[in-house]
Amino acid sequence: MSHDADVVVAGGGPVGLMLACELALADVSVIVLERLTDVDTTIKAGAVNSPTAEALYRRGMLPGLAAAQRDAYDRVSSFMRQRQAAGATGITQPPKFAGHFAGIMLRGDLLDESDPDFDGPGPAAEVGLVPQEALERLLGARAAELGVDLRRGVTLTGFDAGEDGVHVHTSDGSLRTGWLAGCDGGRSTVRRLAGFPFPGTAPEITGHQALVEMTGADALGAGWNFTPTGTYVHGPVPGRILTVEFDGPPADREAPVTAEELQASLRKVSGVADVTIHAVHSATRFTDNARQVPDYRSGRVLLAGDAAHVHSPFGGQGLNLGIGDAMNLGWKLAATVHGRAPEGLLDSYTAERHPLGAWVLEWSRAQVALMRPESHAMALRGVIAELTGTADATTFFAKKISGVWQRYDLPGDHPLTGRSAPDLELGDGTRLADHLHGGQGLLLDLTGDAEVRKHAAGYGDRIRVLTASCPGRPGLAGLLVRPDGATAWAVDAPGGPDGLDAALRLWFGTPAEAAACPPGPGTLTSGPGRIDHGCRPRS
């Protein structure tokens, strides 16, 4: 059947936009449907972790992230000045961001940054405090540069998926596409209509997060505060509050969040009876529903981000998990659209991302358990707080929160295989990330080995080959880096290219000269609903 686009993405938040950017970078036509008419300004995630920062760094967006972080720090400093003016004591400049576990703040000065797991991200390691709204604006601008067709104010209302494509119904008419990606959040319409199972654990909390104008806030403690009736947070930006009550989920998730509701919750959990909220600039209601689909794909329908997994926001993992999904899925779906994906490539999306999603759900559940306002949880929280006063525990928690520990279970026994590729500083002054902006794979030859380069013959449209030196890693001879930044193969000198051919075929398919060239650009093939873009090198 004819198509309006290779892929339709439902949801134009950070995850949907990241996926759309990755697809467009790979010359895949994509339409994004977003029900909101403008960027979502609701206060949500406030930081990005290492894999997210690395992903955007590898696509040339680190300056934008750094600018967003500077703005966020300015707002934090403004809050501190307000607290000082109100007579608060012990106010200091914000420390290096290290995260928190169940509201137990990690001290950046205790972090052992010599730990090898922190050695990879390069300049991306300097970026952390980036609010979700800023990230969405950055990705929206990038999507526009890449020609992504973002249709705001358009809602997906249904779809019919078949063997040859998907017929998508929207509030603005119907579309034909080869693939449908649901990036439409925790209450995903795509997930529900496709019939994905969604097992997990039921919620037990009602949480609120908001930006407000209030009086009586001088009596509130700054940061995380635990009380006999729940938990609340004040700051780190002016007017920001968060409350958690442990008396069941909200009665109506869809109802507008009012000033009266926020005020009642804040008074209840803080015990400050005269704090009064006069205006609400942004507010959201959340809970700790923790669920995950068993498989992220059903035929031609795929899920990413909160559409595939939901959990509490504690620990700041949700946004970052979704961006990781988009990075992992983007190049695999693009290869499938172009008809050059090796067998099983698209199924490896679930195989690689599901375990990380399952870990985040467990990480979230543990934090909820630790935050309960009851004696056993409070005693355990005291133990954890004491542990985080040590360098070893702080480093352990920070590694988990930052995501630097993450590794895919890929073939090969080199220590780098499956891990995020280290941002090597090369002899010509460039860094590894500088050579990943185009979204292709990268074969890095660090010893001038013609045999290594010979294996890459026939992959010119999929892999960039670079011969360089790396004075800082003299023992490393070569790396094969997937488009998502994962190390697919590595060898130490003088290891030679053993295993390289198998890795190339596993992730990038058959070399071009060994395969028949498909029809020219834009023609339909006999395959199920694929627009074939032909054999041509990428610019």
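None of the values given here were measured: they were computed from a predicted structure.
Put simply, the side chain of Arg107 never gets that close to the backbone of Gly389: no donor and acceptor are under 3.5 Å apart. In this structure, the side chain of Glu22 does not engage the main chain of Ala334 through any donor-acceptor pair within 3.5 Å. A side-chain donor-acceptor contact under 3.5 Å links Arg285 to the backbone of Ala255. No donor-acceptor pair under 3.5 Å is formed between the side chain of Asn320 and the backbone N or O of Val48. Side-chain N or O atoms of Asp484 include none that pairs as donor or acceptor with a backbone N or O of Trp331 at under 3.5 Å. Under a 3.5 Å cut-off, the side chain of Ser171 and the backbone N or O of Thr155 do form a donor-acceptor pair. Checked by atom type and distance alone, the side chain of Arg267 pairs as donor or acceptor with a backbone atom of Ala273 at under 3.5 Å. In this structure, the side chain of Thr229 engages the main chain of Lys268 through a donor-acceptor pair within 3.5 Å. At least one donor-acceptor pair under 3.5 Å links the side chain of Gln69 to the backbone N or O of Leu129. The main-chain N or O of Asp6 is found under 3.5 Å from a side-chain atom of Thr177 such that the two form a donor-acceptor pair.
Looking only at atom types and distance, the side chain of Gln317 has no donor-acceptor partner in the side chain of His311 under 3.5 Å away. Side-chain atoms of Arg365 and Ser312 form no donor-acceptor pair, as typed in the model, at a separation below 3.5 Å. A donor atom on one side chain and an acceptor atom on the other are found under 3.5 Å apart for His169 and Asp160.
Note that CZ of Arg431 is 12.5 Å distant from CG of Leu436, once rounded to the nearest 0.5 Å. Rounding to the nearest 0.5 Å gives a distance of 9.0 Å between CZ of Arg176 and CG of Asp4. In this structure, the separation between OG on Ser364 and CG on Asp288 is 6.5 Å, given to the nearest 0.5 Å. Taken from NE2 in His208 to OG1 in Thr206, the straight-line distance is 6.5 Å, to the nearest 0.5 Å. Once rounded to the nearest 0.5 Å, the distance linking CD of Gln292 with OG1 of Thr201 reads 11.0 Å. Remark: Leu150 CG to Leu17 CG distance equals 6.0 Å, nearest 0.5 Å.
Arg191 and Ser188 make their closest contact through N-OG, 2.9 Å (heavy atoms, listed as atom of the first residue, atom of the second, distance). Between Glu136 and Asp40, the shortest heavy-atom contact is OE2-N, 3.5 Å. Closest approach of Leu262 to Ala210, counting heavy atoms only: CD1-CB, 3.7 Å. Residue Thr170 comes nearest to Thr157 through the heavy atom pair N-OG1, 3.7 Å, listed as atom of the first residue, atom of the second, then distance. In terms of heavy-atom proximity, Glu245 sits nearest to Ser265 at OE2-OG, 2.6 Å. Pairing each heavy atom of Thr395 with each of Leu111, the nearest pair is CA-CD1, 3.8 Å.
In this structure, Arg381 and Met378 have side chains that are in contact, with non-hydrogen atoms separated by less than 4.5 Å. In this structure, the side chains of Met371 and Ile205 stay at 4.5 Å or more apart for every pair of heavy atoms. Side-chain contact between Leu329 and Arg297 is absent, with no heavy atoms from C-beta onward closer than 4.5 Å. Side-chain contact between Val212 and His278: absent, with no pair of heavy atoms (C-beta onward) separated by less than 4.5 Å. With a 4.5 Å cut-off on side-chain heavy atoms, Asp117 and Arg419 count as touching. Considering only heavy atoms from C-beta on, Val28 comes within 4.5 Å of Val7 through its side chain. Looking only at side-chain heavy atoms (C-beta outward), Val368 and Glu204 come within less than 4.5 Å of each other. Counting heavy atoms from C-beta on, the side chains of Pro123 and Asp423 come closer than 4.5 Å.
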Carefully, step by step, assess Ser402 and Phe118 under the rule side chain to side chain contact (heavy atoms under 4.5 Å, CB included).
-> CA-CA 9 Å; Ser402 68; Phe118 290 122; 4.1 Å; yes
Residues Asp325, Tyr349; criterion side chain to side chain contact (heavy atoms under 4.5 Å, CB included); working and verdict = CA-CA 8 Å; Asp325 290 348; Tyr349 167 54; 3.6 Å; yes
Apply side chain to side chain contact (heavy atoms under 4.5 Å, CB included) to the pair Arg58 and Met327, showing each step before the final yes or no.
-> CA-CA 11 Å; Arg58 289 166 178 155; Met327 283 296 292; 5.9 Å; no
Steps toward side-chain hydrogen bond (donor to acceptor under 3.5 Å, both in side chains) verdict (Arg35, Thr189) = CA-CA 12 Å; Arg35 64 179 180 81; Thr189 299; over 6 Å; no
Start with the C-alpha gap between Ile104 and Leu106, add the side-chain angles, then the distance that decides, and say whether side chain to side chain contact (heavy atoms under 4.5 Å, CB included) holds.
-> CA-CA 7 Å; Ile104 301 170; Leu106 303 179; 5.5 Å; no
What's the verdict on salt bridge (Lys or Arg N to Asp or Glu O under 4.0 Å) for Asp115 and Lys399, showing C-alpha distance, side-chain angles and the deciding distance?
-> CA-CA 9 Å; Asp115 188 291; Lys399 284 166 61 173; 3.3 Å; yes
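Between Tyr296 and His309, the ring planes are tilted. Angles from 30° to 60° get that label. Ring orientation note: the planes of Phe101 and Phe397 are tilted relative to one another, at an angle of 30° to 60°.
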